[in-house]
Amino acid sequence: MHIAPHDNHNKPIVDADDPTVPLNYFNIVKLKAGEAFEYQVPGYETCVVPATGTVDVDVEGVTYPALGQRTTDVWDGEPEGVYVPVGAKATIVATRDTETFIAGAKYNKVLDPFDVRVAELDVVQYGSDDTKTHRKIKHILGTKYHDKVGRLLVSELFTVGQGGWSGFPAHKHDTDRKDADGNIIETRHDETYNFRFRPNHGSGVQIIEREDGKPGDAYQLMDGSTIMLDSGYHPCAVMPGYEMYYFTILGGLSQRSLVQFFQPTHAYQVETIPGIKDMIAKFK
């Protein structure tokens, strides 16, 4: 499902118990310097990530100052985040004008808050210009935090260069499944994206193919588009001459580690894309 860019007035774009992606939560909060925003999401752990600007974040009396250093856009520096436990009250105070993402995943245990600074990001780059798949991923809540986070994975994904494909070979993760030997071959993870383009009049396309070999749906992506993915194979592409970014929220049903199932028609191309197996491992 595609949600067109709009002013959400600091109200959740994907609220708790959304009928399409019930395991996800997503809000964009825009504040002027000195303004504050308070929130609680019962039943969901969340992560505060400034897209631009700087904020102080208070989580039940624990303060994380000066989060976020980017100014112009998401390409202007590195991300930072604060993990907010299930149902905790969080207060965001802007020290510079900010656009802040709040990502969430359904979970039933209360853990401890913590912050993730630039030095603690887990960054992986893979693909190539030749295969039109060159991409960089900056994991904010990645696999290194399995012992500190319940079900939530949060990353920023960038196309490297202008034009090309992302999320290819096409894959899905909509069902918890094991093979005959009991090995996990796919996990149920709802996924939500928010896209940005440079220059920001750029555009792209999101494909969602429900069944291998049968036509699916395609959505035109604009700067600020949100995509909710509940099922199906879902590659996306950006027009030549533009760079694409998407903020990525994954919420697992039964585990945090993501196991992708590659579309049988295209799965062999995993062997053709440099570094993609390292990328896959970073989500497990």
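Any value given below was found using the heavy atoms of this structure, including those in side chains, with hydrogens, waters and symmetry copies removed.
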Heavy atoms, side chains only, cut-off 4.5 Å: are Ile227 and Leu221 in contact?
yes
Please determine whether the number of non-hydrogen atoms from other residues, nucleotides or ligands lying under 6.0 Å from atom NZ of Lys178 exceeds 12.
no
Kindly indicate whether the side chain of Tyr145, heavy atoms from C-beta on, has any atom under 4.5 Å from the side chain of Val116.
yes
Tell me, do Met228 and Val14 make a side-chain contact under 4.5 Å, heavy atoms counted?
yes
Pair His2-Thr226, side-chain donor/acceptor within less than 3.5 Å:
no
Quick check on the 6.0 Å ring-centre criterion: do Phe195 and Tyr193 meet it?
yes
Could you tell me if the side chain of Val84 sits less than 4.5 Å from the side chain of Pro113, heavy atoms only?
no
Can any side-chain N or O of Glu120 pair as donor or acceptor with the backbone N or O of Arg117 at less than 3.5 Å?
yes
Charged N-O contact under 4.0 Å between Asp230 and Lys172:
no
Any side-chain heavy-atom pair from Phe247 and Val49 closer than 4.5 angstrom?
yes
Is the ring pair Phe101/Phe26 parallel, tilted or perpendicular, if the boundaries are 30 and 60 degrees?
tilted
Close aromatic pair by centroid cut-off 6.0 Å: Phe158 and Tyr245:
yes
Checking the side chain of Gln263 only, and the main-chain atoms of Tyr233 only, is there a donor and an acceptor separated by less than 3.5 Å?
no
Membership question, hydrophobic clusters at under 4.5 Å side-chain separation (ILVMFWY): are Val59 and Val48 in the same one?
yes
Does a side chain donor of either Asn10 or Asn27 reach within less than 3.5 Å of an acceptor in the other side chain?
no
Less than 4.0 Å between a side-chain N and a carboxylate O, is that true for Lys132 and Asp130?
no
Return yes if a side-chain donor-acceptor contact under 3.5 Å exists between Asn200 and Arg198, otherwise no.
no
Determine whether Asn194 and Ile28 satisfy the following criterion, side chain to side chain contact (heavy atoms under 4.5 Å, CB included), listing intermediate values before the conclusion.
CA-CA 10 Å; Asn194 186 262; Ile28 296 177; 3.9 Å; yes
Do Leu141 and Tyr39 belong together in a cluster built from hydrophobic side chains that touch within less than 4.5 Å?
no
Are any side-chain N or O atoms of His234 and backbone N or O atoms of His171, one a donor and one an acceptor, separated by less than 3.5 Å?
yes
Asp97: what forms a side-chain contact (heavy atoms from CB on, under 4.5 Å) with it, not counting sequence neighbours?
Lys32, Ala33
Spell out, as yes or no, whether a donor-acceptor pair under 3.5 Å connects the side chain of Arg151 to the backbone of Ser254.
yes
Please check this pair: side chain of Arg70 against backbone of Trp75, looking for a donor-acceptor N/O pair closer than 3.5 Å.
no
Looking only at atom types and distance, does a side-chain atom of Glu186 sit under 3.5 Å from a main-chain N or O of Asp174, one as donor and one as acceptor?
yes
Would you mind checking if Lys138 and Glu78 are paired as a salt bridge, meaning a charged N to carboxylate O distance below 4.0 Å?
yes
When every non-hydrogen atom of Ala103 is compared with those of Leu152, the smallest separation belongs to O-CD2, 3.9 Å
Measure up the Tyr25 and Tyr44 rings against each other and bin them: parallel (under 30°), tilted (30 to 60°), perpendicular (over 60°).
tilted
Are Met1 and Thr20 close enough, and set up right, to give a side chain to side chain contact (heavy atoms under 4.5 Å, CB included), and what steps lead you there?
CA-CA 8 Å; Met1 179 179 176; Thr20 302; 4.0 Å; yes
Are Ser166 and Tyr246 close enough that a side-chain donor and a side-chain acceptor fall under 3.5 Å?
yes
Any side-chain heavy-atom pair from His134 and Thr159 closer than 4.5 angstrom?
no
Between Asp176 and Thr187, a side-chain donor and acceptor under 3.5 Å:
no
If hydrophobic clusters are built from ILVMFWY residues whose side chains come within less than 4.5 Å, do Phe262 and Leu258 share one?
yes
Lys/Arg-Asp/Glu bridge criterion (N-O < 4.0 Å) met for Asp17, Lys106
yes
